[in-house]
Amino acid sequence: MPVPGPGYSITVRVEAPPSASAAGDLASAIGRAGGVITAFDVVESHADRIVVDITCNALSADHASDITDRLGELPGVKVRKISDRTFLVHLGGKIEVSSRVALANRDDLSRAYTPGVARVCTAIAENPEDARRLTIKRNSVAVVTDGSAVLGLGNIGPEAALPVMEGKAALFKKFAGVNAWPVCLDTQDTEEIIRAVELIAPVYGGINLEDIAAPRCFEIEARLRDKLNIPVFHDDQHGTAIVVLGALRNALRVVGKNIEDCRIVVCGVGAAGSAIIRLLQHKKPADIIAVDIDGIVHSGRGDEDENLRSIAAGTNVDGRTGTLSDAVNGADVFIGVSAPNLLSGDDVATMHDDAIVFALANPDPEIDPLEAQQHAKVVATGRSDYPNQINNVLAFPGFFRGLLDAHAHEITDDMMIAASNAIADVVDGEERVNPSFIVPSVFDTTVAPAVAEAVRKAAIAGRTEQPSHGGSSMPWSMAEDLDY
Ligand SMILES: NC(=O)c1ccc[n+]([C@@H]2O[C@H](COP(=O)([O-])OP(=O)(O)OC[C@H]3O[C@@H](n4cnc5c(N)ncnc54)[C@H](O)[C@@H]3O)[C@@H](O)[C@H]2O)c1
Ligand SMILES: O=C(O)C[C@H](O)C(=O)O
């Protein structure tokens, strides 16, 4: 059952009679309309009227307008203004650039800008590696999208994708001190996207691909990894897989099962599902059954898509065929990254004892978590209004912090597994794991540093050559770590 939430929060400014019952009448009208009041402020008081700002949560934009209509119907009440608080937050965008250096006088200017800056440019021209130490490159990530697979909204284009990318950039900064910048490309052509990212790469220490549709996203990521000497990460794939793997480790602990004994159904074999399957394979479950819109993925299906063929080859050891219901019958774990309302309570009832259900489709999961809960021992969703919220924000800020700190040039599966263990470890321990607590809160500020440290260590451990400072013409004392 959806509940009114802050995503549909409005502030309504109304004029009302100055009677003793006015506040109660307004509040009751909102309550009757199903809204939830979160603030009530009298902003003006006159002999003949009061002016009140009422803030309340609604279920949807239509519900919000229904609530304001009900207020307007009260005797003597006039609705003056309605503000949608979500839109208010977005006015003028959510992020900005600020200077890290003083620019108060000519002296400052001569060092931060011309003529002083020329010596720094020359140093970098002589030794391009110095760009990491003397520019924003060291702490900057491009959040790159073509706007083709944005949230559950689909192909809405680059401008419409920008609020999501700004949001990601804000989260990068908040949780890991990383300066991320949205790069929304006005093309959905694979070659153009690859070339565009190649051309902007000099500015950044890492590339975070975001909301680029499958299967194009797989080729773009693979080819950029080959071409660039900075790490390239597709958040929808790997961010999701890292968090899911960590959550699954703790869920299995709750139910007392070993992954080697478990049959895992992954519903959705797009960006998220494919990456989840590939990371899960490192943990050697008894079997993985992949299911997409055409049913169980198996080698006899004749899929032409290269990704699906490779998933078919590495999963479904018994060559099962059929529907999602056939797949979940007798399975230990269901992981959904597909579409809303595909799984029924009856399906979950056919799963093995102490079933685990991760219904992660956003905004509406594969099954209502309350229904799943009746038959499963552990349930997780992508939603913020239910325990065990699985969201990439647990992974990507810390992951890039670790990559940037290690001056990593590539991303390995070892780093991703280390990150997923770090997320699980934040919860696991001191007997804190339970069916409603398998992943840390998205606001747990210890997660990003733990993930960063795990990734940094994995990057250094996997390195064949140590980074060299060779050729730098920069004074050595300046070359060492800076705080962000
Ligand atoms: N909670 C999270 O952290 C999180 C992270 C990533 C993705 N997601 C959600 O997972 C879903 C998939 O994301 P994606 O980026 O992988 O999308 P995608 O478009 O790349 O893949 C979607 C997959 O779902 C399958 N599918 C669609 N309808 C289906 C049906 N009726 N039955 C079975 N399979 C069906 C498709 O065949 C495809 O394999 C979205 O709802 C997204 O919001 C959630
Ligand atoms: O990126 C997110 O935070 C959400 C997730 O990737 C989704 O597609 O629903």
Side-chain angles (χ1 to χ4, degrees), residues 143 145 147-156 161 163-172 175 180 208-218 220-221 233-248 265-279 289-297 301 303 305 307-308 311-312 315 322-328 334-344 347 357-367 369 379-386 388-397 399 420 423 439 442:
V143 179
T145 190
S148 59
V150 182
L151 304 177
L153 303 171
N155 188 355
I156 57 173
V164 174
M165 305 309 135
E166 287 182 21
K168 291 271 175 188
L171 294 168
F172 265 113
F175 289 108
N208 183 49
L209 302 174
E210 199 68 59
D211 293 352
I212 297 178
R216 187 186 331 143
C217 61
F218 303 123
I220 291 170
E221 184 195 43
F233 183 83
H234 182 202
D235 183 41
D236 303 270
Q237 291 187 63
H238 311 302
T240 312
I242 289 166
V243 184
V244 165
L245 198 69
L248 183 60
V265 173
V266 178
C267 180
V269 198
S274 305
I276 290 168
I277 290 171
R278 296 206 165 92
L279 208 56
I289 310 292
V291 181
D292 71 358
I293 197 157
D294 298 318
I296 294 178
V297 176
R301 223 170 66 157
D303 287 306
D305 178 78
N307 177 56
L308 279 175
I311 295 285
T315 59
T323 63
L324 174 61
S325 300
D326 299 321
V328 294
F334 168 87
I335 299 171
V337 271
S338 49
N341 304 317
L342 303 180
L343 191 71
S344 68
D347 288 327
V357 171
F358 291 178
L360 306 181
N362 277 329
D364 299 314
E366 283 78 0
I367 179 170
V379 177
T381 67
R383 300 173 62 118
S384 56
D385 56 357
Y386 191 80
N388 297 331
Q389 183 188 10
I390 293 190
N391 189 281
N392 310 357
V393 72
L394 289 168
F396 69 80
F399 200 88
S420 86
I423 293 168
V439 276
V442 294

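A quick note: this is a predicted structure, and the numbers were derived from the prediction, not measured. Whatever order the structure lists them in is the order used to number ligands and atoms, beginning at 1. One-based numbering along the sequence shown.
- Just one residue in the list Asn208, Val164, Asp211 forms a side chain to side chain contact (heavy atoms under 4.5 Å, CB included) with Thr145, and that residue is Asp211.
- Judged by distance alone, with hydrogens and angles left aside, the side-chain atoms of Asp235 form no donor-acceptor pair with the main-chain N or O of Glu210 at under 3.5 Å.
- A side chain to side chain contact (heavy atoms under 4.5 Å, CB included) with Pro215 is found for exactly one of Asp305, Leu308, Val269, namely Asp305.
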Does Asp292 form a salt bridge (charged side-chain N to carboxylate O under 4.0 Å, His left out) with Arg301? I'd like the steps, not just the answer. CA-CA 12 Å; Asp292 71 358; Arg301 223 170 66 157; 2.9 Å; yes
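- Checked against Val244 for a side chain to side chain contact (heavy atoms under 4.5 Å, CB included), the options Leu360, Val337, Ile423 give a single hit: Leu360.
- Remark: side-chain polar atoms of Arg278 are not paired, donor with acceptor, to backbone N or O of Ala241 under 3.5 angstrom.
- Sorted by chain and number, the heavy-atom contacts of ligand 2 below 4.0 Å come from Lys168, Asp236, Asn362, Asn391, Asn392.
- Enumerated by chain and number, the residues approaching ligand 1 to less than 4.0 Å through a heavy atom are Ala214, Thr240, Cys267, Gly268, Val269, Gly270, Ala271, Ala272, Asp292, Ile293, Val337, Ser338, Ala339, Leu342, Leu360, Ala361, Asn362, Gly382, Ile390, Asn391, Asn392.
- Using a 4.5 Å heavy-atom cutoff, the side chains of Asp347 and Phe334 are not in contact.
- To the nearest 0.5 Å, the span separating CZ on Phe399 from CG on Asn392 amounts to 12.5 Å.
- Between the side chain of Glu366 and the backbone N or O of Ser338 there is at least one donor-acceptor pair closer than 3.5 Å.
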